[in-house]
Student: 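Could you have a look at this structure, given as structure tokens, before my questions?
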Amino acid sequence: MTDASWEALSNQAVAASGVVYFLALLAHLVQWAALRKLPADVVVTTGRTAMAGRLAVLLTVLGVGVHFVALLARGMAADPNRVPWGNMYEFTLSGTFFVGLLYLLFLRRFALEWMGPLVVAFVLSMMMLGVIWLYDPVAPLTEALYSPWLVIHVVSAVIATGAFTLGGIASVLYLLKERSRAERGYVARLPALASLDRISYRMHAFGFPVWTFAVLITGPIWAHQAWSSYWNWDPKEVWAFITWVVYAAYLHARATAGWKGRNAAIVALVGLATLWFNFIGINFFSSASQHSYAADTTTITSQETSL
Amino acid sequence: MSDVSDTVEKDTGGRDRQATPMPTDMTARELGRWAWRQVTSMRTALVLLLLLALAAIPGSIVPQEDVDSLAASRWREAHPKLTPVYEKLDLFSVYDSPWFSAIYILLMISLVGCIVPRTAVYWRALRAQPPRAPRNLSRLPEHAAYTTDDAPDDVLERAAAALRKRRYRVVSTGSTAEGSGSVSAEKGYLREAGNLVFHLSVLVVLVGFALGGLFGYKGGVIVGVGQGFSNDLTQYDDFVPGSLFDGDDLEQFTFTIKDFEAEWLTEGPRAGMARKFVSELEYRETPDAEPESYDLKVNHPLTIGKTEVFLIGHGYAPVITIRDGNGDIAATGPTVFLPTDQTFASFGVVKAADARPGQIGLEGDFYPTFALGDGMPRSSFGDLLNPLLSMFVYTGDLGLDAGTGDSVYVLDKADAEQVMKADGQPLRLDLRPGDTVKLPDGLGSVTFEGIERWNKVQISRTPGKLVALTGVVMALIGLLGSLFIRPRRVWVRTRRSEDGQTVVDLGALDRSNGGDPERGELELAAIMDSLQEPKEDKS
Ligand code: HEM
């Protein structure tokens, strides 16, 4: 296959996975619309409603599979072949892929079915935004990106982003559930507060070391090789550090009387906001970053990574 | 007895508050004080962490002197009103400002104040026996019970064995004549160790970071291809030493850039981008060492002793010769032109101080691939496909005699006059390699001899980088222990029921903060199974 046909395949796979995610979302909506009519403590394991739920999961699996094909083809379309995270469109593709994948991997273990509609909706809308606003044809990377650290550093940052996003979804639901007195409906059917808190913690506890690895180990090693300075207080670094510190504060908050529960959930969401701001905001608003797209290419090490 | 159950009570209540093993030998008052101290310092740490995050923000918005001094000075020019205020607030150097330092120093003090007592507590807990069983195991979040015909001693023995197999530290009381006895078990001691290692490593990283800031240096120099550099302070274009850096400490290496190559992309979405930069170096570690060669590339710095050499930029240096009115060569050689955009349209200045009758200064642009866009000259590509040099000419007093070390990239035109054409328009020399143009009024001539290239090389020494790296790696390992090791206590108690059977109570306490009751229940059930199994084996 030629590079051009790989690229076309990638674009088709993106479209196809979008459609499949959309169907998954519909199946979830059917399921939850039916569940709304029942009291929250009635568990449905058979019949059309349960079927819709299972179908939704199945479609999500399919969607994530096709999504993977899109990433793979994207990498194959580049010359030389490379990992598919070299610009913001590709980051969005791989970031959403990991959100979906981690959801599926944790689905059984933490009984996350209730998270399905939100995860699918999130992945679908981020993908759409990426396609509309961030699309870039496959292109070779700037010099500094040709490094094994691109693979390790960015993949860990993206995985951590996926885990933090799932944790953030659980935290949002925690806050919603905390205020809700509803006896029926989606929020009423969510797991108990303690359990939402614990699931959020688990996601963050998974994401935090991975983020530490990405931002405080592989990032500096690579920065040292490429720019001679392992920590330069470049805006991208600053925000990665801020994210790290806020999540450390979250882990503390969970262990501090008066902060656990609601405040901890809020701190987690602040962390998520800094994380996504770093991904989107810094790339658009800051030209000072060595990671930036706006970076002047006359310095040969200027980078294009955005994570 | 009462104070044992007391401890457990508190433990259960606050189990996601602290993973610190609770010493069982404290009185309630001491415990209270201890808890209070923990809570207050945790909250302080939390607030300081959030403050640190907040304090880091301005440095990502206002250009930082140390990160990009050019951007910082541009910002200053653009905001004359705000600049003094910002300067007062250290907003151009947030990360070494007193207020930023204050936050992290406070955090470190809090950190030390936190780990020292916790280490002591942990040390004692490590050597302590698992605490005795609380009176009422059924009040624990995870508990189970069953009744059996086995003798209490048998049950306790098997419980101890089963728990040991699960890597618990175990103590057994043995059973009394009435058949009551208990086994206490605890595991996951390493969680707290991991946590302590993590927090300690934060200090190690900081020390490593500080070493780099104090004893390191970072300098940049533009070296023409074909030319050499020796590591001496006078040779640097810019040099930022650490506060305790000793200038005599520079390693005495030299290098020459033999050749430089880059590959230009001519098609695709990144057409115009250059890549695969290779700078062929010949270097000597000391002045009298054997020369060695190295291909300097992005991501592949050259290490000489403790110093590293990086390739970070490149550009063109047109070779220009200025002859004065007497026909003497007043200036010649390659002149570094600084790229202004990705097409490598570059700006530069040539000064001929000794030219007679008047000094001659040239200022203008170099276009590696000249093209006209909207009537304006520009470069359409970074490679040398159609090079053109386009310079304006100045004469008179160019301030070159004053010897004020003004920048080689700036021409002082205050007292100079621009050379004009007969029609009164400014004279612009448009030269292709090999061209010579005569200047009017017998000023002389300018020859564009050819084009050389230069590399921007960054040279730095970062002591403490391995300390910092070791610190973060330790931190990560500690963190994994702290987050994923689950400290658990399990108790098994026997008593005889009225009809002579043995009632076995099991209880467990998960002391991690992500403790998942369901999985705890599973473990408890498995332990219970292994208590009941051997009996079937025997019978
Ligand atoms: C540089 C500052 C600090 C950072 C980056 C930091 C980071 C962390 C992280 C990531 C954790 C999570 C590990 C876990 O949940 O087991 C943690 C836990 C903890 N930290 Fe810190 N910390 C800092 C300062 C402090 C200070 C000053 C104290 C003193 C009060 C402290 C006390 C604790 C305690 C007691 C835990 C365990 C909480 C638990 O059981 O979950 N930390 N810290």
Side-chain angles (χ1 to χ4, degrees), chain A residues 79 136-144 146-147 149 198 201-202 205-206 208-209 212-213 216-217 220-222 224-235 238-239 241-243 245-246 248-249 251-260 267 274 282 286-288 296-301, chain B residues 14 16-18 39 42-43 45-46 49-50 52-53 56-57 59-60 63-64 66-68 71 95 209 218 265 268-270 273-277 298-301 308 310-315 339-342 344 456 458 460 462 465 468-469 472-473 475-476 479-480 483-484 513-516:
Chain A
D79 176 32
D136 242 338
V138 176
L141 303 174
T142 39
E143 192 69 7
Y146 288 101
S147 164
W149 295 109
R198 197 168 56 240
Y201 169 75
R202 290 291 182 78
F206 171 77
F208 190 75
T212 305
F213 178 71
L216 299 182
I217 297 183
I221 292 178
W222 188 12
H224 180 71
Q225 282 187 357
W227 307 324
S228 87
S229 176
Y230 65 82
W231 191 268
N232 210 13
W233 295 110
D234 157 298
V238 171
W239 281 89
F241 173 73
I242 291 175
T243 302
V245 171
V246 173
L251 292 174
H252 279 197
R254 264 193 100 259
T256 308
W259 280 78
K260 55 178 134 195
V267 175
T274 66
I282 289 295
S286 169
S287 55
D296 68 316
T297 43
T298 53
T299 42
I300 54 195
T301 55
Chain B
D16 46 2
R17 179 173 51 85
Q18 278 301 337
V39 170
M42 269 302 263
R43 181 161 303 158
L46 175 56
L49 278 171
L50 289 173
L52 185 69
I57 295 177
S60 73
Q64 297 296 291
D66 289 350
V67 178
D68 191 344
Y95 305 107
F209 199 70
K218 181 162 143 178
L265 297 178
R270 287 283 182 283
M273 189 175 87
R275 57 177 198 180
K276 301 208 174 133
F277 310 92
V298 179
N299 281 326
H300 299 276
E308 283 162 305
F310 302 81
L311 174 63
I312 63 165
H314 66 122
T340 54
D341 61 23
Q342 54 272 56
F344 278 78
K456 168 111 193 205
Q458 179 111 4
S460 68
T462 325
K465 65 179 181 224
L469 183 64
V472 276
V473 171
L476 184 64
L479 191 61
L480 292 175
L483 291 170
F484 299 115
N513 47 51
D516 178 346

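Residue numbering restarts at 1 for every chain, and letters A, B, ... go by the order of the sequence lines. All of these numbers come straight from a predicted model, not from anything done at the bench.
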Student: Need one label for A:Thr274: side chain, backbone, both or neither, based on atoms under 4.5 Å from any heavy atom in chain B.
Tutor: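 Interface part for A:Thr274: neither.
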Student: Which heavy-atom pair separates A:Ser228 from B:Ser460 by the least distance, and what is that distance?
Tutor: O-OG, 3.5 Å
Student: How long is the gap from CH2 on A:Trp259 to CG on B:Leu46, to the nearest 0.5 Å?
Tutor: 4.5 Å
Student: Tell me, for A:Trp149 versus chain B, whether the close heavy atoms (under 4.5 Å) come from the side chain, the backbone, both or neither.
Tutor: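 A:Trp149 has no heavy atom closer than 4.5 Å to chain B.
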Student: Could you go through the side chain to side chain contact (heavy atoms under 4.5 Å, CB included) check for A:Trp227 and B:Ile312 one step at a time?
Tutor: CA-CA 7 Å; A:Trp227 307 324; B:Ile312 63 165; 6.0 Å; no
Student: How far does OG of B:Ser60 sit from CG of A:Asp234, to the nearest 0.5 angstrom?
Tutor: 10.0 Å
Student: Given a strict heavy-atom distance threshold of 4.5 Å, which part of B:Phe209 is in contact with chain A: side chain, backbone, both, or neither?
Tutor: both
Student: Between A:Trp233 and chain B, which part of the residue has a heavy atom less than 4.5 Å away: side chain, backbone, both or neither?
Tutor: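 Both parts, backbone and side chain.
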Student: Who among A:Ser229, A:Ala205, A:Pro220 has the most heavy-atom pairs with chain B under 4.5 Å?
Tutor: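 The option with the most such pairs is A:Ala205.
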Student: Heavy-atom pairs under 4.5 Å with chain A - which of B:Leu265, B:Val473, B:Ile57 has more of them than the others?
Tutor: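 Ranked by contacts with chain A, first place is B:Ile57.
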Student: Considering only heavy atoms and a distance below 4.5 Å, find which of B:Leu50, B:Leu480, B:Val472 pairs most often with chain A.
Tutor: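 Greatest number of close heavy-atom pairs with chain A: B:Val472.
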Student: Using heavy-atom distances under 4.5 Å, tell me whether B:Ala475 contacts chain A through its side chain, its backbone, both, or neither.
Tutor: neither
Student: Which bit of B:Gln64 is near chain A, if near means a heavy-atom gap under 4.5 Å: side chain, backbone, both or neither?
Tutor: neither
Student: Non-hydrogen atoms of chain A under 4.5 Å away: do they reach the side chain of B:Lys218, the backbone, both or neither?
Tutor: side chain
Student: Between atom CZ of B:Arg43 and atom OG1 of A:Thr256, what is the distance when rounded to the nearest 0.5 Å?
Tutor: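 Here the interatomic distance stands at 7.0 Å.
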